Amino acid sequence: MSELIKKVTALLSDKTINLFIGYEKGSADRVRALFVRNEEQANKLVYDASCTQNLAGYLLKHEVKRFGKLGILANVAALRSILQLASEFQIKDGEVYVLFANRDGSFVEFTDFHSIEAFLETTDTGIKAEEQEMIARLEAMSNNERWLFWNKEFEKCIKCYACRAACPMCYCHRCTTDVNQPQWIPVASHERGNLDYHLMRAMHLAGRCVNCGECATACPMDIPLNLLTYQLINPIKEIFGATAGMKSDAMYALSTYKPDDKENFII
Amino acid sequence: MEKELKILKYSDLPKLIERFRSQGFPVLAPIRKGKVIEIEQVQTIDEIALDVLLSTQSAKKAAFPKVEKVLGYTLDKSGVKQQPVDLGAFQETVLFGVRPCDASGFKSLDAIFGEEPKDQFYLQKKAKATIISFSCPVADEYCFCTSVGGGPGNATGSDLQFTGISKDEILVEILTEKGAKLSALFADLLSVDGNGIDKSKFLADVKVVFDMDGVVEKTTASFNNAALWLDQSLRCIGCGACAFVCPTCACFDFQDEQNTKKGVRLRLWDSCGFSLFTLHTSGHNPREVQSQRWRQRIMHKFAYMPEQLHVVGCEGCGRCSRACPVDMNIKEHLTSIGVIV
Ligand code: SF4
Ligand code: SF4
Ligand code: SF4
Ligand code: SF4
């Protein structure tokens with residue numbers, strides 16, 4: 001820990017960065033985001049296996065950006081988010097100072113996107129085993145069973161949009177859900193409104209989701225909605241050969257046309 | 001009315017639910033749905049999760065649901081014909097096994113919706129609901145009811161309050177006329193007198209962590225303390241989780257859903273945490289950034305409501321903190337406001 005604190009303090013004092021996004025101890029057994037601007041705040045930094053929150057979304061938050069040059073303690077999901085955001089022109093190379101914590105307590109510094117790319121190539125970026133299992137279970141269901149499964153889950157949804165707010169890829173200034181001329185998605189949190197919202201969101205994250213699980217962790221109603229976007233990861237990979245958050249200059253599969261694209265999904 | 005104290009046997013609880021049901025009253029009670037505790041209609045006592053700390057969402061939906069039809073209408077060449085909602089048609093409902101913070105939350109909602117022009121959709125539903133709260137034998141670190149004038153055995157807003165006093169027995173407090181009327185349905189099970197029992201022995205120990213008057217005063221004076229609100233809310237991501245689980249948050253939105261022939265007007269929960277909440281048609285947003293929205297959340301509850309409605313808009317249930325995806329802990333934030341010099 002002290003190494004992290006020392007490092008961040010040094011980065012702040014030599015003005016490499018103005019603000020560092022890391023973790024501090026939170027309520028009960030939680031950890032939470034910490035925005036370090038001085039030495040006193042740096043002393044609160046913690047890092048351990050419970051620091052699973054993907055902090056990358058904060059890199060786009062207006063009031064955080066206003067501080068100037070940002071540094072971030074990134075886990076694997078955050079590294080992938082950064083590359084994905086870069087490929088979508090939301091973060092520029094060299095703009096963010098990125099630190100990754102190894103299990104043994106040492107740190108890897110990334111000052112450019114290529115080093116993140118190289119690092120991720122040899123890192124496990126896959127979906128957790130228990131989530132794989134859930135996806136396998138969903139895929140084994142008949143269409144009707146799956147429909148009923150999701151309807152039952154969506155019944156709990158209260159449309160608090162914590163999932164959207166927590167997702168580093170849901171940064172649109174005007175989300176489709178919020179557009180009212182025309183009103184694409186019913187605002188009400190009733191059966192239709194919930195279903196349309198979740199289907200729309202899954203479609204907009206197809207091939208962009210970096211399987212961080214933030215959306216499901218954020219959900220106060222315990223809906224495993226990350227499985228919706230996770231289920232789209234393999235099809236996109238099979239059809240277009242693309243995986244989100246691995247290259248800073250990737251072209252987004254669903255908005256790029258290539259003459260040799262497979263068209264077998266067109267009915 | 002003078003409150004009455006009686007003793008009920010735990011083993012008679014199933015009968016209570018049966019009797020409410022046989023009168024045709026829907027019974028709303030906490031049930032388990034995985035990790036989430038919902039307040040929903042139940043048929044038998046077995047469905048009810050009485051051993052939970054408290055429900056994930058509050059009980060407000062009994063009178064203020066997330067989606068509510070307030071008007072129907074038809075459209076044709078002759079114009080629009082309105083079909084108002086029949087306000088007399090709401091059913092008598094029993095809210096069973098909710099917590100004191102749920103019951104007292106209705107007091108804040110009564111104050112908000114009872115202002116002129118009175119909100120009959122809420123008031124009529126509330127008038128038809130009889131609230132049986134169960135006092136809290138345990139609390140967790142998010143609870144701070146005693147700091148905002150409530151408590152684990154607070155009876156405010158409850159028609160009846162049940163307190164477990166032994167493995168087998170419940171102390172029943174009959175607190176209102178409505179409660180007396182409902183308890184008449186099980187008067188035969190209440191033959192033993194409960195006077196003289198000190199229920200405080202059976203309640204959770206919830207420490208007072210801040211002085212409420214001080215927090216109200218300091219919140220009121222802190223409108224322009226931009227650094228305070230920014231510092232507290234840098235991690236806030238602007239969702240609606242805190243407002244939607246809160247027993248006193250009452251903001252709503254109207255939406256019409258219609259086709260060419262007919263439509264409905266719906267009232268939906270809304271939240272001051274959303275950037276869209278104050279966005280004007282012009283594109284201007286008076287609450288431009290999240291820290292201003294967070295300030296609104298706290299000021300509304302601890303400055304505007306005390307000033308205008310003479311109630312604090314928070315019951316200290318901690319639901320918002322438990323539900324917050326980024327651990328914005330309101331108890332901690334209020335405590336830090338309380339010590340501003
Ligand atoms: S976080 Fe959960 S309850 Fe909230 S909108 Fe998303 S799925 Fe619905
Ligand atoms: S959809 Fe969920 S899992 Fe995918 S990037 Fe967004 S928050 Fe992470
Ligand atoms: S603001 Fe939070 S603690 Fe206060 S009543 Fe609402 S949910 Fe409970
Ligand atoms: S305080 Fe938490 S729950 Fe409330 S808007 Fe902010 S992030 Fe969402």
Side-chain angles (χ1 to χ4, degrees), chain A residues 19 21 24-35 37 41 53 55 57-58 61-64 66-67 152-153 155-167 170 173-175 177-178 180-181 183 186-194 214-224, chain B residues 33-38 56-57 61 65-69 140-142 229-231 233-245 253-257 264 266-271 273-276 279 288-292 318-332:
Chain A
L19 181 146
I21 311 169
E24 71 173 333
K25 202 204 152 311
S27 321
D29 52 1
R30 298 170 80 173
V31 286
R32 65 190 179 201
L34 175 70
F35 301 84
R37 285 147 284 161
Q41 291 162 338
Q53 187 188 347
L55 300 174
Y58 286 121
K61 184 175 172 178
H62 181 67
E63 283 176 298
V64 175
R66 275 210 300 219
F67 283 96
K152 201 158 166 241
E153 289 297 334
E155 221 173 66
K156 293 187 284 184
C157 178
I158 51 177
K159 275 207 174 168
C160 67
Y161 300 126
C163 44
R164 177 183 68 172
C167 176
C170 278
H173 185 58
R174 199 83 199 264
C175 173
T177 313
D178 298 339
N180 60 0
Q181 283 181 341
Q183 185 87 59
V187 181
S189 176
H190 50 34
E191 202 180 333
R192 176 73 198 279
N194 289 353
E214 261 334 280
C215 48
T217 316
C219 177
M221 302 313 287
D222 201 29
I223 300 168
Chain B
K33 277 199 182 170
K35 282 186 223 155
V36 168
I37 314 298
E38 296 243 57
T56 310
Q57 289 182 63
K61 68 175 179 184
K66 64 176 183 176
V67 180
E68 172 176 35
K69 180 179 157 186
D140 73 2
E141 70 165 277
Y142 295 102
W229 307 114
L230 180 70
D231 239 22
S233 70
L234 267 174
R235 65 179 180 275
C236 172
I237 54 176
C239 63
C242 49
F244 290 180
V245 299
D253 176 27
F254 284 115
Q255 291 285 333
D256 284 2
E257 288 185 356
V264 285
L266 302 175
R267 162 156 72 188
L268 315 169
W269 288 348
D270 205 343
S271 168
F274 294 139
S275 62
L276 206 65
L279 183 64
E288 244 189 311
V289 287
Q290 202 57 34
S291 56
Q292 293 165 334
R319 282 187 174 86
C320 53
S321 313
R322 291 184 202 93
C324 177
V326 295
D327 193 24
M328 291 281 283
N329 184 323
I330 193 170
K331 171 179 164 184
E332 190 185 317

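Quick caveat, the model's predicted, so the values are computed rather than measured. Protein chains get the first letters and strands the later ones, always in sequence-line order, with residue 1 at the start of each.
If you measure heavy-atom distances from B/Asp253 to chain A, the contacts under 4.5 Å come from the side chain alone. Neither the backbone nor the side chain of A/Cys170 comes within contact range of chain B, judged by heavy atoms closer than 4.5 Å. Interface residue B/Val67: only side-chain heavy atoms are found under 4.5 Å from chain A. Heavy atoms closer than 4.5 Å to chain B are found in both the backbone and the side chain of A/Glu63. Residue contact with chain A, scored on non-hydrogen atoms closer than 4.5 Å, is absent for B/Arg267. A/Lys156 touches chain B through backbone and side chain together, each having a heavy atom under 4.5 Å away. Heavy atoms of B/Glu38 lying under 4.5 Å from chain A belong exclusively to its side chain. In this structure, chain A has a heavy atom under 4.5 Å from the side chain of B/Lys66, while its backbone stays farther away. The parts of B/Ser291 that come within reach of chain A are both its backbone and its side chain, each placing non-hydrogen atoms under 4.5 angstrom from that chain. Only the side chain of B/Leu268 comes within less than 4.5 Å of a heavy atom of chain A; its backbone N, CA, C and O stay farther away. Interface remark: B/Leu266 contributes side-chain atoms only to the contact with chain A (heavy atom separation under 4.5 Å). Within the 4.5 angstrom heavy-atom criterion, only side-chain atoms of B/Glu257, from C-beta onward, approach chain A. Neither the backbone nor the side chain of A/Glu153 comes within contact range of chain B; no heavy atoms are under 4.5 Å apart.
A 4.5 Å side-chain heavy-atom check between A/Met221 and A/Ile158 finds at least one atom pair inside the cut-off. Within the 4.5 Å cutoff, the side chain of A/Arg174 has heavy atoms near those of the B/Leu276 side chain.
For the residue pair A/Asn194 and A/Cys157, the shortest heavy atom distance occurs at ND2-O, 3.4 Å. Shown here for B/Val326 and A/Arg32, the closest heavy-atom pair between the two residues is O-CB, 3.9 Å. Shown here for B/Phe274 and B/Gly240, the closest heavy-atom pair between the two residues is CE2-N, 3.3 Å. Heavy atoms only, all atoms of each residue included: A/Asp222 and B/Val36 are closest at CB-CG2, 3.4 Å.
Note: B/Cys239 leads B/Cys239, B/Gly273, B/Ala243 in heavy-atom pairs under 4.5 Å with chain A. The candidate from A/Pro186, A/Gly57, A/Gly26, A/Ala28 with the greatest count of non-hydrogen atom pairs under 4.5 Å with chain B is A/Ala28. Each of B/Val289, B/Leu234, B/Leu279 has some count of heavy-atom pairs under 4.5 Å with chain A, and the biggest count is that of B/Leu234. By number of non-hydrogen pairs under 4.5 angstrom with chain B, the leading residue of A/His62, A/Arg37, A/Glu214 is A/Arg37. When the candidates A/Ala218, A/Ser27, A/Ala188 are compared by the number of heavy-atom contacts under 4.5 Å with chain B, A/Ser27 comes out ahead. Between chain B and the residues A/Ser189, A/Pro220, A/Cys175, the most heavy-atom pairs under 4.5 angstrom are made by A/Ser189.
In this structure, A/Phe35 has its ring center no closer than 6.0 Å to that of A/Phe67.
Ring-plane geometry between B/Trp269 and B/Phe244 is classed as tilted, the angle between the planes lying from 30 to 60 degrees on a 0 to 90 degree scale.
Considering only residues two or more places apart in sequence or on other chains, A/Lys25 meets the side chain to side chain donor-acceptor pair (under 3.5 Å) condition with none of them. Annotation: side-chain contact (heavy atoms from CB on, under 4.5 Å) contacts of B/Cys320 (sequence neighbours excluded): B/Cys242, B/Arg297, B/Ile330.
Looking only at distances, a side-chain donor or acceptor of B/Thr56 sits under 3.5 Å from a matching main-chain atom of B/Ile37.
Between B/Arg322 and the choices B/Asp140, B/Asp327, B/Asn329, the side-chain contact (heavy atoms from CB on, under 4.5 Å) rule is met once, by B/Asp140.
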